[in-house]
Engineer: 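Let me begin by handing over the structure; questions about it come next.
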Amino acid sequence: LKAFSTPSAATLFFLGFGCGLVLPLVGYIASTRMRDVGMELGLIGLVSYLTFFYTFKFVWTPLLDRFDSPLLGFLGHRRGWLVLSQVVLVLSLAGMAVFGPEVAFPLFLVCIGVAALAGATQDAMVDAYRIEIAPQSAQAALAATYTLGYRFALMAAGAGVLYLAEFWTWRDAYLVMAGLMLLPLGAALVAREPDQLHSRPQRTLLE
């Protein structure tokens with residue numbers, strides 16, 4: 001009970017919710033939306049390759065370890081990148097709501113790609129944050145609350161979006177999801193930066 005009642009455990013619940021929210025929205029839910037407006041299956045299959053950012057996030061995560069966020073570095077090394085990725089996610093999901101495949105397909109693709117890149121970055125930062133924010137003895141509890149939040153997000157971004165799209169519109173459904181991303185963003189803003197020091201130069205990607 002003590003392990004689950006810490007502020008870090010609550011923070012990881014909301015961060016897990018943010019991580020679980022993104023992948024369905026840029027993956028099979030986006031594909032369902034494109035099928036719903038009559039797009040060809042071949043084109044939908046090509047669009048699905050944009051989610052490969054999650055597979056290849058190991059390519060740029062070493063840069064995230066070495067450099068501070070160029071815009072939000074004052075929040076701390078981990079929180080700077082985390083908040084930046086979440087702000088980008090809110091904007092890109094809102095963009096997917098406004099620029100649907102039936103309205104402006106190229107812009108819809110750009111929003112999917114940006115959301116996938118930001119979502120993969122968020123995942124990497126949350127993993128690092130969880131490891132650094134608490135000792136080894138608390139990692140099981142943090143992993144559990146993270147997974148719980150992730151599962152809730154999968155339900156919201158899966159069946160929840162489909163119900164919203166059925167009774168309202170796809171635009172409304174994605175706007176609601178963009179609004180839900182404010183929950184993990186708020187958690188990252190009020191969370192504390194890990195105390196662990198990094199053996200890296202204090203630089204930003206703009207330097």
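The basis for the numbers below is simple: all heavy atoms, side chains too, and nothing from hydrogens, waters or symmetry mates. Count residues from 1 along the sequence.
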Engineer: Taking the side chain as C-beta and beyond, is there a heavy-atom pair between Pro62 and Phe67 under 4.5 Å?
Structural biologist: no
Engineer: Measuring from atom CG of Leu12 to atom CG of Leu148, what distance do you get when rounded to the nearest 0.5 angstrom?
Structural biologist: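 Going from CG on Leu12 over to CG on Leu148, the span is 11.5 Å.
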Engineer: Around atom CZ of Phe14, are there more than 12 heavy atoms of other residues, nucleotides or ligands at under 6.0 Å?
Structural biologist: no
Engineer: Any side-chain to backbone donor/acceptor pair from His77 onto Leu64? Under 3.5 Å, distance only.
Structural biologist: yes
Engineer: Indicate the atoms forming the closest heavy-atom contact of Leu84 with Ser69, along with that distance.
Structural biologist: CD2-OG, 3.6 Å
Engineer: Contact between Leu82 and Leu15 at the side-chain level, heavy atoms closer than 4.5 Å - yes or no?
Structural biologist: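 Side chain of Leu82 against side chain of Leu15, heavy atoms only: contact under 4.5 Å found.
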Engineer: Checking Ile133 now: which residues fulfil side chain to side chain contact (heavy atoms under 4.5 Å, CB included) with it, not counting sequence neighbours?
Structural biologist: Ser8, Tyr129, Leu142, Arg192, Pro194
Engineer: List in chain and number order the residues that pass side chain to side chain contact (heavy atoms under 4.5 Å, CB included) with Ala128, two or more places apart in sequence or in another chain; answer none if no residue qualifies.
Structural biologist: Arg78
Engineer: May I have all residue pairs that pass side chain to side chain donor-acceptor pair (under 3.5 Å) and include part of residues 96-105, sequence neighbours excluded?
Structural biologist: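 Not a single pair qualifies under side chain to side chain donor-acceptor pair (under 3.5 Å).
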Engineer: Verify the cluster assignment for Trp168 and Val161: are they in a single hydrophobic cluster under the rule of side-chain heavy atoms below 4.5 Å apart?
Structural biologist: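 Yes, it is one cluster - the side chains of Trp168 and Val161 are joined through contacts under 4.5 Å.
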Engineer: With sequence neighbours excluded, what pairs up with Thr169 under the side chain to side chain contact (heavy atoms under 4.5 Å, CB included) test?
Structural biologist: Arg171, Asp172
Engineer: May I ask you to check whether over 12 heavy atoms, not counting those of Phe152, lie within 6.0 Å of atom CZ?
Structural biologist: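 No, the 6.0 Å shell around CZ holds no more than 12 heavy atoms from other groups.
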Engineer: Are Val103 and Leu91 co-members of a hydrophobic cluster defined by side-chain heavy atoms under 4.5 Å apart?
Structural biologist: no
Engineer: What pairs of donor and acceptor atoms, side-chain ones from residues 20-44 against any protein atom, are under 3.5 angstrom apart with sequence neighbours left out?
Structural biologist:
{"residue": "Ser31", "atom": "OG", "partner": "Gly27", "partner atom": "O", "Å": "3.2"}
{"residue": "Thr32", "atom": "OG1", "partner": "Tyr28", "partner atom": "O", "Å": "2.8"}
{"residue": "Thr32", "atom": "OG1", "partner": "Arg35", "partner atom": "NH2", "Å": "3.4"}
{"residue": "Arg33", "atom": "NH1", "partner": "Met96", "partner atom": "O", "Å": "2.6"}
{"residue": "Arg33", "atom": "NH2", "partner": "Met96", "partner atom": "O", "Å": "3.3"}
{"residue": "Asp36", "atom": "OD2", "partner": "Trp170", "partner atom": "NE1", "Å": "3.0"}

Engineer: Anything under 3.5 Å between a donor and an acceptor, one on a side chain of residues 110-126, the other on a protein residue two or more places apart or in another chain? List them.
Structural biologist:
{"residue": "Thr121", "atom": "OG1", "partner": "Trp60", "partner atom": "NE1", "Å": "3.1"}
{"residue": "Thr121", "atom": "OG1", "partner": "Leu117", "partner atom": "O", "Å": "2.9"}
{"residue": "Gln122", "atom": "OE1", "partner": "Gln86", "partner atom": "NE2", "Å": "3.2"}
{"residue": "Gln122", "atom": "NE2", "partner": "Gly18", "partner atom": "O", "Å": "3.3"}

Engineer: If hydrophobic clusters are built from ILVMFWY residues whose side chains come within less than 4.5 Å, do Phe74 and Val190 share one?
Structural biologist: no
Engineer: With a 4.5 Å heavy-atom cut-off, do Leu180 and Leu183 have their side chains touching?
Structural biologist: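 Yes, their side chains come closer than 4.5 Å.
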Engineer: Per the side chain to side chain donor-acceptor pair (under 3.5 Å) rule, what does the pair list look like for residues 139-162, sequence neighbours excluded?
Structural biologist: Arg130-Gln139
Engineer: Is there a path of hydrophobic side-chain contacts, each under 4.5 Å between heavy atoms of I/L/V/M/F/W/Y residues, joining Leu175 to Leu93?
Structural biologist: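 Different clusters.
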Engineer: Who clusters with Leu107? Use side-chain heavy atoms, under 4.5 angstrom, across I, L, V, M, F, W and Y, and order the result by chain and number.
Structural biologist: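 Same cluster as Leu107: Val98, Phe99.
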Engineer: Who are the side chain to side chain contact (heavy atoms under 4.5 Å, CB included) partners of Pro135, not counting sequence neighbours?
Structural biologist: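 Partners of Pro135 under the side chain to side chain contact (heavy atoms under 4.5 Å, CB included) test: Ser137, Ala138.
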Engineer: What side-chain donor-acceptor pairs closer than 3.5 Å can you find for residues 47-56, not counting sequence neighbours?
Structural biologist:
{"residue": "Ser48", "atom": "OG", "partner": "Gly45", "partner atom": "O", "Å": "2.4"}
{"residue": "Thr51", "atom": "OG1", "partner": "Ser48", "partner atom": "O", "Å": "2.7"}

Engineer: Nearest 0.5 Å please: distance from the CH2 atom of Trp81 over to the CG atom of Leu72.
Structural biologist: 9.5 Å
